[in-house]
Amino acid sequence: MTRRRDITHAQLLEHLARKVAEAAPEGWRRGRVRASGSGTGSAVHAAWYDRPNGSTTGMDVDIVGDPNWTFYFGEVAPGRLDLDLVVEPSGRFEAFTSPAAERPVSGPDRLLLVLEPGNLPAEPGDEQEGPADPTFAGDPDEAVRLFREYLRLRAGILGREHDLHPPLDAAVRARLPRENGAALPSDLMALYGEADGESDEGMLLGNQTWFALEHTLDRSRVWSPTLTWTGDPWWRVADSVPRGAVRQSVHRDGWVRFATNTGGDFLAVDLDPGPSGRPGQVVHISKGYGAVYVADSVTTLLRRHVEALERGDYTLRTHDPDLEALEDLDPEDIDLDVLNRYLDEEDLEREDLDLYLHIDIGLPREGGAPGRDAMRHVTLTGDAHDLAALCDTSVEALRLVSDHPVDLDVLRTLPRLQGLDLSRADVRGIETLAELNGVLYLCLRYEQWQDLWQGAKEPSFAAIALGGDPSPHEAHAWVLRFGAAAEHHVGDLNP
């Protein structure tokens, strides 16, 4: 057995291939692992076994936690590598590795090469107009009234007061925004006169923890995502309902976050709204898609909380180990009859338990399908007539999924087209792609790339991707075609 301190690239691949073969189920046809590693972190993008009947089985093999893997990427490897490993029952294995290729966040089945990292599509939010109504919709006095009513209703349900930080006086509330160069809406500022946020696990607003004012205003602590090719730049930016209320961007300085669930989601007041929005509106931010509209103000957000509790649109939940151990109690949706019987039997009050509320105020996710004149990213599934519906539209990115041959001539009529994924479609006229000006990104299957290479003119792109199910040999050939570094390794576990 190879000593870890001496492990080479080839020895690591053989070691991983042996692990895959040894853990394989009966009747397997091949094992497949797609992973990436570096000294700063590793990930398994997909791992499975193929069976002869076409079905697949999950793979329970520790790849990135393997001691040889961690040692190699901690001590031996010069940098990051993408890995595609195929192992067969005969003992033959084949691997592709590349320091240049990577997997997009939302498409680990695609292999991405970024040829021009700085050449990214513009965010539509930068092109949108400001709000038609520049006034704030919130009412500080009404916000305070609703906040107090909300706390009263919560206390009645939970049997205890909420754990809030002491309020800030008027002088501090005036000084902190001035020192941080930010002017928050008056209804949110009025709440800081009631309390300066809450404890870490309070989940008071939108089932998220409300920040202290100093935390809200301290922009140095803000996670600010940037547009990247690995983040799918078109599909990552959501639209909202009402349309145009929130600028379509991954991040804007005008989104001031005041609550979080610690899982990458935030509530923020929007000081830089779109044409149909208003300053001070509340937006929901996710690392997955930017921001979407929630309410026209913090005042309205609080009203929804009060109305939800009055309607009973909430669930009681717990992290209490004693309650979680009860067989007839669901800790994620506590039955009140079961809870009350338990309290009677144990001679307890609700305030004695670790209970919290999960309130359904209808936080949105992404908006509905965009209209014909507002299309930015589109996924079409179907026959050739579906593509004709795009003629002369403003679509910027298109994913096409079709088992029937689709003519690409319509693409010539899309003046704003910049991103194109045809890897799951059967297409005719692939030479059309060489005539499209302005396309920054293209994703094709390996055989589609080969067809494109046969043309008299080979187009250039800022980023390209290999879709479908390429073999390690095909992935290697594709990366080398574009002048990037890659290695192809073939071995045998039974020499």
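We number each residue from 1, following the sequence as shown.
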- Message: I'd like to know whether Leu204 forms a side-chain contact (heavy atoms from CB on, under 4.5 Å) with Thr209, so could you lay out the CA-CA distance, the side-chain angles of the two residues, the decisive distance to 0.1 Å, and finally the verdict.
- Response: CA-CA 6 Å; Leu204 186 67; Thr209 299; over 6 Å; no
- Message: With a 4.5 Å cut-off on side-chain heavy atoms, are Trp255 and Ser249 touching?
- Response: yes
- Partner set under side chain to side chain contact (heavy atoms under 4.5 Å, CB included) for Asp133, not counting sequence neighbours: Thr135, Arg278
- Query: Would you say the side-chain atoms of Thr230 pair up with the backbone N or O of Pro104, donor to acceptor, closer than 3.5 Å?
  - Reply: no
- Item | Side-chain donor/acceptor of Ser423 to backbone N/O of Leu444, under 3.5 Å | no
- Message: Using the rule given for ring-ring contact (aromatic ring centres under 6.0 Å, His included), can you reason through Phe461 versus Trp229, listing the C-alpha separation, both sets of side-chain angles and the distance that settles it, and then say yes or no?
- Response: CA-CA 12 Å; Phe461 306 95; Trp229 282 114; over 10 Å; no
- Count the heavy atoms belonging to other residues, nucleotides or ligands that lie under 6.0 Å from CD of Glu179, then report whether that count exceeds 12. yes
- Heavy-atom distance under 4.5 Å between the side chains of Val144 and Asp141, does that happen here? no
- Query: Does Leu398 reach the side chain of Leu411, with side-chain heavy atoms less than 4.5 Å apart?
  - Reply: yes
- Within 45° of the axis and under 6.0 Å from the centre of the six-membered ring of Trp453, does NZ or CZ of Arg481 qualify? yes
- Item | Thr299 versus Asp139, closest heavy-atom pair with distance | OG1-N, 3.0 Å
- Query: How would you list, by chain and number, every residue that makes a ring pair (Phe, Tyr, Trp, His ring centres under 6.0 Å) with Phe147, sequence neighbours excluded?
  - Reply: Trp210
- Message: Measuring only between side-chain heavy atoms, which start at C-beta, is Leu176 closer than 4.5 Å to Tyr192?
- Response: no
- Query: Just by modelled atom types, is the Asp265 backbone N or O under 3.5 Å from a matching donor or acceptor in the Asn261 side chain?
  - Reply: yes
- Will you find, in the side chains of Gln281 and Asp296, an N or O donor that is under 3.5 Å from an N or O acceptor? no
- Message: Looking only at side-chain N and O atoms, does His284 offer a donor or acceptor that is under 3.5 Å from a partner on Tyr293?
- Response: no
- Query: Can a salt bridge be assigned to the pair Arg303 and Glu142 using a cut-off of 4.0 Å between side-chain N and carboxylate O?
  - Reply: yes
- Item | Derivation and outcome, side-chain contact (heavy atoms from CB on, under 4.5 Å), residues Arg257 and Val269 | CA-CA 6 Å; Arg257 305 168 196 194; Val269 285; over 6 Å; no
- Query: Is there side-chain contact between Leu433 and Leu452, with at least one heavy-atom pair below 4.5 Å?
  - Reply: yes
- Item | Rounded distance [0.5 Å steps], NE2 in His319 versus CG in Leu353 | 13.5 Å
- Query: Between the side chains of His162 and Glu198, is a donor N or O closer than 3.5 angstrom to an acceptor N or O?
  - Reply: yes
- Message: For a 4.5 angstrom cut-off between non-hydrogen side-chain atoms, does Leu184 reach Val256?
- Response: yes
- Output for pair (Leu112 CG, Leu466 CG), nearest 0.5 Å, gives 10.5 Å
- Message: So, using ring pair (Phe, Tyr, Trp, His ring centres under 6.0 Å) as the criterion, who are the partners of His45 when residues are at least two apart?
- Response: none
- Note on the structure: All heavy atoms of Leu302 vs all of Ala143, minimum pair found to be CD1-O, 3.4 Å
- Query: Should Gln418 and Pro121 count as side-chain neighbours, where that means a heavy-atom distance under 4.5 Å?
  - Reply: yes
- Message: Can you pull out every salt bridge (Lys or Arg N to Asp or Glu O under 4.0 Å) where at least one residue sits in residues 460-470? Sequence neighbours excluded, please.
- Response: Arg30-Asp469, Arg32-Asp469, Arg34-Asp469
- If you look at every heavy atom in Arg247 and Pro273, which pair is closest and at what distance? NE-O, 3.3 Å
- Query: So, Glu127 and Arg416, do they make that salt bridge, N to O below 4.0 Å?
  - Reply: yes
- Leu440 CG to Glu396 CD distance, which is reported to the nearest 0.5 Å: 10.0 Å
- Task: Would you name the heavy atoms of His165 and Asp196 that are closest together and state the gap between them?
- Result: ND1-O, 3.1 Å
- Message: Can you give me the closest heavy-atom contact between Val44 and Ile63, atom names plus distance?
- Response: CG2-CB, 4.0 Å
- To the nearest 0.5 Å, what is the distance between CG (Leu400) and CG (Leu422)? 6.0 Å
- Task: For the pair Ser98 (side chain) and Ala485 (backbone), establish whether a donor and an acceptor sit closer than 3.5 Å, ignoring hydrogens and angles.
- Result: yes
- Query: Looking at Arg145 and Glu149, does any basic side-chain N land under 4.0 Å from a carboxylate oxygen?
  - Reply: no
- Which pairs count as side-chain hydrogen bond (donor to acceptor under 3.5 Å, both in side chains) when at least one residue sits in residues 73-82, sequence neighbours excluded? Asp82-Arg103
- Could you pull out all residues at least two apart from Tyr446 that satisfy ring pair (Phe, Tyr, Trp, His ring centres under 6.0 Å)? none
- Counting only N and O atoms by type, is there a donor-acceptor contact under 3.5 Å from the side chain of His305 to the main-chain atoms of Gly206? yes
- Query: Arg424 side chain to Val401 main-chain N or O, any donor-acceptor pair under 3.5 Å?
  - Reply: no
- Query: Do side-chain atoms of Gln128 reach the backbone of Gln248 as a donor and acceptor pair under 3.5 angstrom?
  - Reply: yes
- Task: Just say parallel, tilted or perpendicular for the rings of His215 and Phe211, cut-offs at 30° and 60°.
- Result: parallel
- Hey, what's the ring geometry for His9 with Tyr72, parallel, tilted or perpendicular (30° and 60° as the breaks)? tilted
- Message: Using modelled atom types and a 3.5 Å cut-off, is there a donor and acceptor pairing between side-chain atoms of Trp449 and backbone atoms of Ala465?
- Response: yes
- Provide the closest heavy-atom pair for Ala268 versus Ile285 in the form atom of the first, atom of the second, distance. CB-CD1, 3.7 Å
- Task: State, with a plain yes or no, whether a side-chain heavy atom of Phe482 is found less than 4.5 Å away from one of Ile464.
- Result: yes
- Distance from Leu158 atom CG to Leu357 atom CG, nearest 0.5 Å? 4.0 Å
- Query: Yes or no on side-chain contact (heavy atoms from CB on, under 4.5 Å) for Ile157 and Arg350, after CA distance, side-chain angles and deciding distance?
  - Reply: CA-CA 8 Å; Ile157 295 169; Arg350 287 194 187 183; 4.1 Å; yes
- Query: Given the rule in the side-chain contact (heavy atoms from CB on, under 4.5 Å) test, do Phe258 and Leu205 qualify, once you have shown the distances and angles that lead to the verdict?
  - Reply: CA-CA 9 Å; Phe258 63 90; Leu205 301 175; 3.9 Å; yes
- Can a donor-acceptor pair be found between the side chains of Asp333 and Thr315 at a distance below 3.5 Å? no
- Item | From Leu146 atom CG to Leu153 atom CG, the distance as rounded to the nearest 0.5 Å | 10.5 Å
- Give a yes or no on whether the backbone of Pro331 and the side-chain of Thr318 come within a donor-acceptor separation of less than 3.5 Å. no
- Message: Are more than 12 heavy atoms, taken from residues, nucleotides or ligands other than Glu116, located less than 6.0 Å from that residue's CD atom?
- Response: yes
- Query: Just by distance, do the side chain of Asn207 and the backbone of Ile359 share a donor-acceptor pair under 3.5 Å?
  - Reply: yes
- Is any NZ, NE, NH1 or NH2 atom of the basic residue among Asp126 and Arg252 found under 4.0 Å from an Asp or Glu carboxylate oxygen of the other? yes
